[in-house]
Amino acid sequence: MNAIECHQLSRRFRSVIAVDQLDLRIPIGTIFGFLGPNGAGKTTTVRMLCALIAPSAGSARVAGFDIQTEAEAVRANTGILTETPGLYDALSAIENLVFFARLYGLSHDQATERATFYLRLFELWERRNEPVGGFSKGMRQKLAIAHALLHDPAVLFLDEPTSGLDPAAARAVRDLIKSLRASGRTIFLTTHNLAEADELCDLIAVFRTRLISLDTPANLRTRLFGRGVRVMLAGPAAPLVATVQALPFVIDVTADEQTLFIRLTDPEHDNPVLVRTLVNAGADIRYLEPFTPSLETVYLELMQEGSAIGK
Amino acid sequence: MVRWERVKVIIGKEWLELRRSRGLLAGMLLPPLLLPLFTLGLIFAMGIVSDPDTVDIPAAAVDPTLANLSLEALAQVIFGRQFSVLFLLLPMIIPNVLASYSIVGEKNRRTLEPLLAAPITVSELLVGKVLAAIIPGILLTWLCATIFAIGLVLVVVDPVVPTLVFQPGWLIMLIFASPLLAAISVALTVMISSRVNDPRSAQQIAGVLIVPVMLLFFGQMLGLFVLDVIVGLNFSLLLLLLTVGLIWIAARVFQREEILTRWR
């Protein structure tokens, strides 16, 4: 079963199309990365999926509820961490959490119990009675995440959850997101931190008004760059490019000082022939390893392709 | 259907924020409490140093109930009546200040989106914010009017003065028109809040609301009318129509989609 399903979801603001015919199917228990440049329509998409604004066309179901006809049920079953934490500075940490929990229909006792649990989890318990206005950015971010989790939502929308956090706090948040997935929740993660998306996400969508690509991080890499190997040599790599390029299974080869980057169709099968050819050509091979382009490389390539298609 | 439990949660949060904001709290409480004291001081002074020109004030000339009063008592009645109208400013000013900080403040702090993402209707949110602003305004108005009423008995030179100052029209205005004026003030603030980013701008624009009250003030002083039951009821009816219209417009402005996509 899918936690989020969109069919031709679109949103137009007067003459500007913010989201165009978005189709998505995100299974329950998935961490879904939604990547795109600023102004791509990510926030508009999240707002539609949280039943905050209505689509101009298309439909979507979130946590089993229709975003248009069952908007309140959608909101009751989703949690959202917005770009800004959205906390009340004059109120203490526990007052903020209890207020939001009560808005989600929890009794005062239940709200206090949940607030206590998350304040302890995020190591904010000792400062629970202090006004949030005096909290650091990291503490505020933790509190905002706690707010999004208070009512135990099935689907969680997180916008830059580790933004402004120190490395240890960011690691704690990432671990929390993984544990949320393990407990069956679906996470819709909007981020510009591609290393984080790479680490966390089961599925990644690259989006700019339209969906440019949707797949697992590994498949995105393979689809774009094929599979490849990096060969470290004891001498200059450039003279060997032509020899390698002549091999029938090589898709493409580039040289950088003493390193060759070679894209192959089937490295497990082709590597022995490749190594033999290089040795016969006089190469001194230090080592050979699978070459995995970073998600950033994949993203930039996809954005470029998206621009080309757009033109 | 408004769920009052959620509305109470909103009101509770608004008042908690107000209690924590000491500057706003002092600014809200002190000026209204000074108004009855200032007015009583002035009326007391009228009883000691009256001006013979008072008998020539149009309001004194047109009201036969003021005949046969001593000059001091007449001065106290005239000033008492004029200044008692100013209490009708309080239910507009206080809710206006509270609502502008509540709505424009949320907009500035960008706390509205998480609030709108909760499973509450915008009606519940609006009702919560409106009541949180109106209730203190009305209660404070009635408190100040009570202080004024009790104080007046103590400072008058003639025991008949309070009965002539507290006309039935004034009481009708205080009981019926005060909540309406407060509702109008908040509705106008909601509408303005969608276009401004500073609570003070919202307060200043909503300041236009004092015009009808000042019309009452000067109209009575110039002897154009006496604030009797008929005037009080007519004025309240007019305010009721205005309230319905403005709340309808405010409710249209205060929509999730509108707030998230159009409010600047």
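Quick note on labels: first sequence line is chain A, next is B, and so on, each numbered from 1.
Near-neighbour residues of residues 115-153 of chain A relative to chain B, defined by a heavy atom under 4.5 Å from a heavy atom of that chain, comprise H147(A).
For F13(A), the part sitting under 4.5 Å from any heavy atom of chain B is the side chain, from C-beta outward, and nothing else. When heavy atoms are compared at a cutoff of 4.5 Å, I80(A) approaches chain B solely by way of its side chain, counted from C-beta outward. Proximity to chain A (any heavy atom under 4.5 Å) is shown, for E124(B), by neither the backbone nor the side chain. Of the atoms belonging to L81(A), not a single heavy atom falls under 4.5 Å from chain B.
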Salt bridge (Lys or Arg N to Asp or Glu O under 4.0 Å) assessment of K13(B) paired with E95(A) = CA-CA 9 Å; K13(B) 190 275 289 179; E95(A) 285 165 347; over 6 Å; no
inquiry  = Quick one, E72(A) with R3(B), criterion salt bridge (Lys or Arg N to Asp or Glu O under 4.0 Å). Give me CA distance, side-chain angles, the key distance, then yes/no.
reply    = CA-CA 13 Å; E72(A) 187 153 323; R3(B) 288 163 298 186; 2.7 Å; yes
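Looking at Y104(A) and V9(B), their side chains never come closer than 4.5 Å, going by heavy atoms from C-beta outward. Using a 4.5 Å cut-off on side-chain heavy atoms (C-beta onward), E83(A) and E113(B) make no contact.
Across all non-hydrogen atoms, the minimal contact from I10(B) to F99(A) is CA-CE1, 4.2 Å. Heavy-atom minimum distance, P114(B) versus T82(A): CG-OG1, 3.8 Å.
Counting heavy-atom pairs closer than 4.5 Å to chain A, the top-ranked of the candidates R256(B), R110(B), R19(B), E5(B) is R256(B). When I53(A), L52(A), N77(A) are compared by the number of non-hydrogen pairs under 4.5 Å with chain B, L52(A) comes out ahead.
Side-chain atoms of E17(B) never come within 3.5 Å of backbone atoms of A90(A) as a donor-acceptor pair (strictly under, hydrogens ignored).
With rounding to the nearest 0.5 angstrom, the OG1 atom of T84(A) is 10.0 Å from the CG atom of L112(B). Atom CZ in R75(A) sits 8.5 Å away from atom OG1 in T121(B) (nearest 0.5 Å). A distance of 10.5 Å separates CG in L103(A) from CG in L116(B), rounded to the nearest 0.5 Å.
Residue-environment remark: CZ (F166(B)) exceeds the threshold of 12 foreign heavy atoms within 6.0 Å. F38(B) CZ: 12 or fewer foreign heavy atoms inside a 6.0 Å radius. Residue-environment remark: CD (Q8(A)) exceeds the threshold of 12 foreign heavy atoms within 6.0 Å.
Sorted by first and then second residue, the ring-ring contact (aromatic ring centres under 6.0 Å, His included) pairs with a member in residues 84-115 of chain B read F87(B)-F148(B); sequence neighbours excluded.
The one candidate from R109(B), E106(B), R20(B) that meets the side chain to side chain donor-acceptor pair (under 3.5 Å) condition with Y88(A) is E106(B).
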